[in-house]
Amino acid sequence: MNAESKRLTLPEITSLCAQYHQDTLAACVAKHVLATVTDAEIRSLFAFSLELSKKAY
């Protein structure tokens, strides 16, 4: 079996899809918190979180 004929299994596809959903949700939550939070310490934590999620893409 060569490298071109290998396919992902259903659990692998499911895992990739779930990871994508988790990453997208985390970025959306961070953006929402940054738009609404007033505490500077919390804002800096979510800004850092959002920057990490942007690096992953």
Q) What pairs with Thr9 under side chain to side chain donor-acceptor pair (under 3.5 Å), at least two apart in sequence or on another chain? A) Glu12

Q.
Once rounded to the nearest 0.5 Å, what's the spacing between atom CG of Asp23 and atom NZ of Lys54?
A. 14.5 Å

Q: Please answer whether the main-chain N or O of Tyr20 pairs with a side-chain N or O of Thr24 as donor and acceptor at a distance below 3.5 Å.
A: yes

Q: Mark yes or no for whether Ser49, through its side chain, and Leu45, through its backbone, hold a donor-acceptor pair below 3.5 Å.
A: no

(Q) If I take atom CD from residue Gln22 and atom OG from residue Ser53, how far apart are they, to the nearest 0.5 angstrom? (A) 13.5 Å

Q: Tell me who clusters with Ile13, hydrophobic residues only, linked when side chains sit under 4.5 Å apart either directly or through other members.
A: Leu8, Leu16

Q) Hydrophobic cluster mates of Val33, side-chain heavy atoms under 4.5 angstrom, ILVMFWY only, any path? A) Leu25, Val29, Leu34, Val37, Ile42, Phe46, Leu50

Q: Mind listing the closest non-hydrogen atom pair of Glu41 and Asp39 along with its distance?
A: N-OD1, 2.8 Å

